[in-house]
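Basis for what follows: all heavy atoms, side chains included, without hydrogens, waters or symmetry-related copies. Because the structure is predicted, anything quoted here is derived from the model rather than measured.
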Amino acid sequence: MGASAASLVFGHIELRPAERRLLVDGQPVGLGSRAYDLLLALLSKRDRVVSKDELLDEVWPGLVVEENNLQVQISGLRRVLGAQAIATVAGLGYRFTLAPGAGPAPPAPPAPASGLPGSPPGSAALVADVLVADDNKVNRLLLCRSLELMGHRVSSAENGRQALALLRTRRYGLLLLDLAMPELDGFGLLQLRAGDAALREVSVIVTSALDGVAPVARCIELGADDFLHKPVDPWLLKARVDSSLARRQHGLGEALRRLLPGAPAQAGRRADASVLVARLHGADALAGEPSPQETMDLLSNWCTLMFDAVGERGGEVAQFNGDSLLALFAGPQAAVSAARDMVELSALFDAQRGSGAPGALTLGIGIARGVVLAGTATTARRWACACIGAPVRRAEHLAAECARLACPLLIDDAVRSGLDADTARSAWRLADGSGACSLADPPR
């Protein structure tokens, strides 16, 4: 019945339940989580007709869901699998009709004249975690449906403040943002995003019923990537979402090529790259504080300062994990200058927290130099910047050692050898037997 024990094959489609992966004509196809669960339910009961109520209970357990939710998901599956793969039995329900075993692929169905866009077999569109922020329940549901049919993993928020909390606790590739919302409106969220380096990593498409040029211009001024007028056309939505995600990936590729000249878009090598890893030691203790929002605000402010310090010295943040970051620099001098700026900014940041602030926070920075491989690593669900190599491991080790040695900055021998004479002579001392040097006196 299948290609292997771990897969199920029905004609031109192959399902791999352990991986939650679908292949059509041998090509992976992105499905939303509900669509995938629905397909599994139909396959597991392919010997009979499955009633609508049974499917609703299995795919949306414990939820009160309208029947047209099911119809939309069935329609999306038919676009991916072929119109004949799922039959409607009037008054009874649905049945999966493809026979077990490999077989010839059916002719490609014509593109539908209307309806929500699906994910065609072999589609190379990027798939991302997407957040929809809209106070109107119907609008929110329609947008989530459309995005799930495109293969994206979707979350939703009913106001700007709820959306802000989600953005600060989970990494999203894209935000679809309504403007007129209670508690915190779309303009307010865009203003907060403009001042937060971590939030600026998220692409934003504004969806609004507001008329005129002024709202559009204001959103663009605040950093929004695109603007869609309501009601949102699903085909236009797909085009704008794909374009926004592609621009985001292209922007990362351009930044890496700038730092690693001569490298291709997906990966690059440079024998003289400098890797900086900064870690906020003591941040774990903040997770137990009574106010999670205050903790997230604190980390957000810290990372804003660190991102600015990196950017002002010509570096590029390649990875960020809330209380740590990894940045790439073309040369060691710029990396060390950025590190000294970061030490100074962290000292000011800690002083502003006050003596009564809970938890002792210290900054540890490691810088190493050598050959790295950097580029974008892509899976069926997401893409991310990848940076690997011995210098990355050394920089991470040095950043961790800063806490043990009670020093803010450690560099390896290769970095020190590339510094100008004045910087190399000032305030450095050997930190251990490995040749690493530490900044003996933090800048004042």
Side-chain angles (χ1 to χ4, degrees), residues 30 32 68-69 72-73 75-76 79 111-120 123-164 166-167 172-194 199-251 382:
N68 60 355
N69 266 341
V72 168
Q73 298 291 353
S75 177
R79 290 191 187 96
S114 61
L116 297 174
S119 299
S123 172
L126 291 170
V127 178
D129 289 311
V130 182
L131 175 61
V132 175
D134 196 313
D135 65 321
N136 185 291
K137 184 178 181 180
V138 174
N139 289 338
R140 198 165 64 243
L141 178 62
L142 289 173
L143 287 172
C144 289
R145 284 175 180 168
S146 297
L147 291 162
E148 283 192 346
L149 287 175
M150 295 177 206
H152 300 295
R153 187 155 44 197
V154 187
S155 305
S156 64
E158 60 186 27
N159 59 62
R161 196 161 301 282
Q162 189 179 103
L164 182 62
L166 287 170
L167 289 169
Y172 290 93
L174 178 65
L175 167 65
L176 265 65
L177 179 66
D178 185 27
L179 291 180
M181 293 186 293
E183 297 193 33
L184 178 66
D185 65 14
F187 290 118
L189 183 53
L190 285 173
Q191 287 177 324
L192 290 172
R193 172 181 176 268
L199 296 184
R200 288 198 300 270
E201 295 292 302
V202 183
S203 299
V204 178
I205 297 177
V206 173
T207 61
S208 177
L210 295 180
D211 293 325
V213 176
V216 180
R218 180 61 176 150
C219 290
I220 300 302
E221 287 174 357
L222 291 171
D225 298 270
D226 216 327
F227 192 105
L228 287 171
H229 287 283
K230 293 179 179 178
V232 176
D233 177 87
W235 294 101
L236 184 58
L237 173 67
K238 177 170 172 48
R240 297 291 178 85
V241 167
D242 289 348
S243 175
S244 182
L245 292 173
R247 283 199 306 270
R248 181 170 176 257
Q249 185 180 39
H250 177 72
R382 65 183 64 196

What residues, two or more places apart in sequence or in another chain, satisfy salt bridge (Lys or Arg N to Asp or Glu O under 4.0 Å) together with Arg218?
Glu221
Heavy-atom pair of closest approach, residues Ala163 and Leu131
O-CD2, 3.8 Å
In residues 181-193, what donor-acceptor pairs under 3.5 Å come from side-chain atoms, sequence neighbours left out?
from   : atom 1 : to     : atom 2 : distance (Å)
Asp185 : OD1    : Phe187 : N      : 3.3
Asp185 : OD1    : Gly188 : N      : 2.7
Arg193 : NE     : Leu199 : O      : 3.4
Arg193 : NE     : Val202 : O      : 3.2
Arg193 : NH1    : Gly223 : O      : 3.1
Arg193 : NH2    : Val202 : O      : 2.9

Smallest separation among heavy atoms of Leu166 and Ala157, with atom names:
CD1-CB, 4.1 Å
State the CZ-CG distance between Arg140 and Asp178, to the nearest 0.5 angstrom.
10.0 Å
Just one of Leu142, Thr207, Ile205 clears the side-chain contact (heavy atoms from CB on, under 4.5 Å) bar with Val232, so which one?
Thr207
Asp135 and Ala180: which non-hydrogen atoms are nearest, and at how many Å?
OD1-O, 3.2 Å
Rounded to the nearest 0.5 Å, how far does CG of Leu228 lie from CG of Leu177?
12.0 Å
Sort and list the pairs that fulfil ring pair (Phe, Tyr, Trp, His ring centres under 6.0 Å) and have at least one residue in residues 202-227, not counting sequence neighbours.
Phe227-His229
Keeping Asp225 on the side-chain end and Val204 on the backbone end, is there a donor-acceptor pair under 3.5 Å?
yes
At their closest point, which heavy atom of Lys230 faces which heavy atom of Asn139, and how far apart are they?
NZ-ND2, 3.5 Å
Could you tell me whether the side chain of Pro215 reaches within less than 4.5 Å of the side chain of Val206, counting heavy atoms only?
no
To the nearest 0.5 Å, how far apart are NE2 in His152 and CG in Leu174?
7.5 Å
For the student: nearest non-hydrogen atoms of Gly173 and Ala128, plus distance:
CA-CB, 4.5 Å
Measure the CZ-OG distance between Arg240 and Ser203 for me, rounded to the nearest 0.5 Å.
14.0 Å
Closest approach of Cys144 to Val154 (non-hydrogen atoms, all atoms of both residues)
SG-CG1, 3.7 Å
